[in-house]
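What follows is one structure encoded as structure tokens, with my remarks underneath.
Only this structure's heavy atoms are used, side chains among them; waters, hydrogens and symmetry mates stay out.
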Amino acid sequence: MANNENLVPFTSNQSREEAVKNGRKGGKRSGEVRRRKANFRKTLNMLLTAEINSDEYGPILEALGVESTLESAMLMSMIKAALEGNVKAAYFIAQYAGQSDKPDEDIRNREADTELKAARKQAVTGENETEEALDKLDSILKEMRDHAVKQEAE
């Protein structure tokens, strides 16, 4: 883990080869971290969709016509906690039930990031580079700046 004791300062004496070598190491590490996070999400999704045999939630979920999975049981427990006065549980339910702007905003941000990455790649590699792609990149950047200004105003 990086801290002040093990950081190696960049110097102008560092050769281009060393910089490339260090960049390559960073890229490999980044790939490892991305794969580990992807595996974590995959495992989590697999566990959440696993069927459970719960005496507490099973009959209720079946009566509602919902699959008896860990995910469904967790959502039921959140609803139960909200009914018992847990404000965080109530906020969670409202947020993910579409009664809050946050999840939609997150989705829009992720879509904008994806479009931005595609536009950057196209601009850098020159693959199918068109004026339209550059205009799209400019519009995405403008939307992101406008969104940041709006967030600061709130």
Side-chain angles (χ1 to χ4, degrees), residues 1-8 10 22-125 127-130 132-154:
M1 176 175 230
N3 61 46
N4 289 336
E5 295 173 10
N6 66 3
L7 291 178
V8 178
F10 178 79
N22 289 336
R24 190 172 290 124
K25 286 194 301 189
K28 287 179 181 178
R29 179 73 175 142
S30 173
E32 291 170 7
V33 170
R34 275 196 315 273
R35 280 189 294 281
R36 189 173 67 238
K37 287 179 180 179
N39 287 336
F40 175 83
R41 283 190 301 273
K42 183 179 176 184
T43 302
L44 180 60
N45 286 326
M46 181 187 68
L47 292 172
L48 287 172
T49 57
E51 296 219 7
I52 61 166
N53 186 11
S54 168
D55 294 335
E56 183 179 358
Y57 296 110
I60 298 168
L61 294 170
E62 287 175 18
L64 294 170
V66 178
E67 291 183 34
S68 187
T69 63
L70 184 59
E71 183 177 40
S72 300
M74 283 177 40
L75 293 174
M76 278 296 294
S77 68
M78 290 298 280
I79 292 170
K80 183 178 177 183
L83 290 172
E84 293 171 353
N86 185 325
V87 176
K88 286 187 177 183
Y91 177 75
F92 171 87
I93 292 165
Q95 185 177 21
Y96 289 95
Q99 297 178 8
S100 170
D101 292 338
K102 185 86 170 140
D104 291 337
E105 179 182 315
D106 289 346
I107 291 169
R108 285 192 304 275
N109 286 342
R110 275 186 251 134
E111 288 171 352
D113 287 346
T114 302
E115 290 175 9
L116 180 61
K117 286 177 186 174
R120 279 184 183 155
K121 180 181 177 186
Q122 191 173 28
V124 170
T125 62
E127 295 173 2
N128 299 324
E129 187 174 28
T130 64
E132 182 181 336
L134 294 174
D135 290 342
K136 186 169 187 167
L137 177 61
D138 288 340
S139 95
I140 291 169
L141 291 171
K142 183 183 180 314
E143 284 180 36
M144 291 177 73
R145 281 191 293 270
D146 292 345
H147 180 71
V149 169
K150 180 182 172 187
Q151 288 294 347
E152 288 177 10
E154 293 177 358

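One finds the OG atom of Ser54 at 10.0 Å from the CG atom of Leu70 (value rounded to the nearest 0.5 Å). Of the inter-residue distances, the one linking Tyr57 atom OH with Leu64 atom CG reads 13.0 Å to the nearest 0.5 angstrom. Taken from CZ in Arg34 to CG in Asn39, the straight-line distance is 12.5 Å, to the nearest 0.5 Å. Interatomic distance, CE of Met76 versus CD1 of Ile60, reported as 4.5 Å (0.5 Å rounding). Between the CE atom in Met74 and the CZ atom in Phe92 there is a gap of 6.5 Å [rounded to 0.5 Å]. In this structure, NZ in Lys88 is found 10.5 Å from CE in Met78, a value given to the nearest 0.5 Å.
A side-chain donor-acceptor contact under 3.5 Å links Ser68 to the backbone of Ile52. The main-chain N or O of Gly26 is never found under 3.5 Å from a side-chain atom of Ser30 such that the two would form a donor-acceptor pair. The closest donor-acceptor contact from the side chain of Asn86 to the backbone of Ala82 lies at 3.5 Å or more, if one exists at all. Looking at Thr69, its side chain never comes within 3.5 Å of a backbone N or O of Glu51 through a donor-acceptor pair.
Under the 4.5 Å side-chain criterion, counting only non-hydrogen atoms from C-beta, Lys42 is not in contact with Met46.
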- Task: For Glu56 and Lys80, run side chain to side chain contact (heavy atoms under 4.5 Å, CB included): C-alpha distance rounded to whole Å, both residues' side-chain angles, the deciding distance at 0.1 Å, then the answer.
- Result: CA-CA 12 Å; Glu56 183 179 358; Lys80 183 178 177 183; 2.9 Å; yes
- Output, in order, the C-alpha distance, side-chain angles, deciding distance and verdict of salt bridge (Lys or Arg N to Asp or Glu O under 4.0 Å) for Arg29 and Glu32. CA-CA 5 Å; Arg29 179 73 175 142; Glu32 291 170 7; 3.4 Å; yes
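Looking at every heavy atom in both residues, Glu71 comes nearest to Thr49 through OE1-CG2, 4.3 Å.
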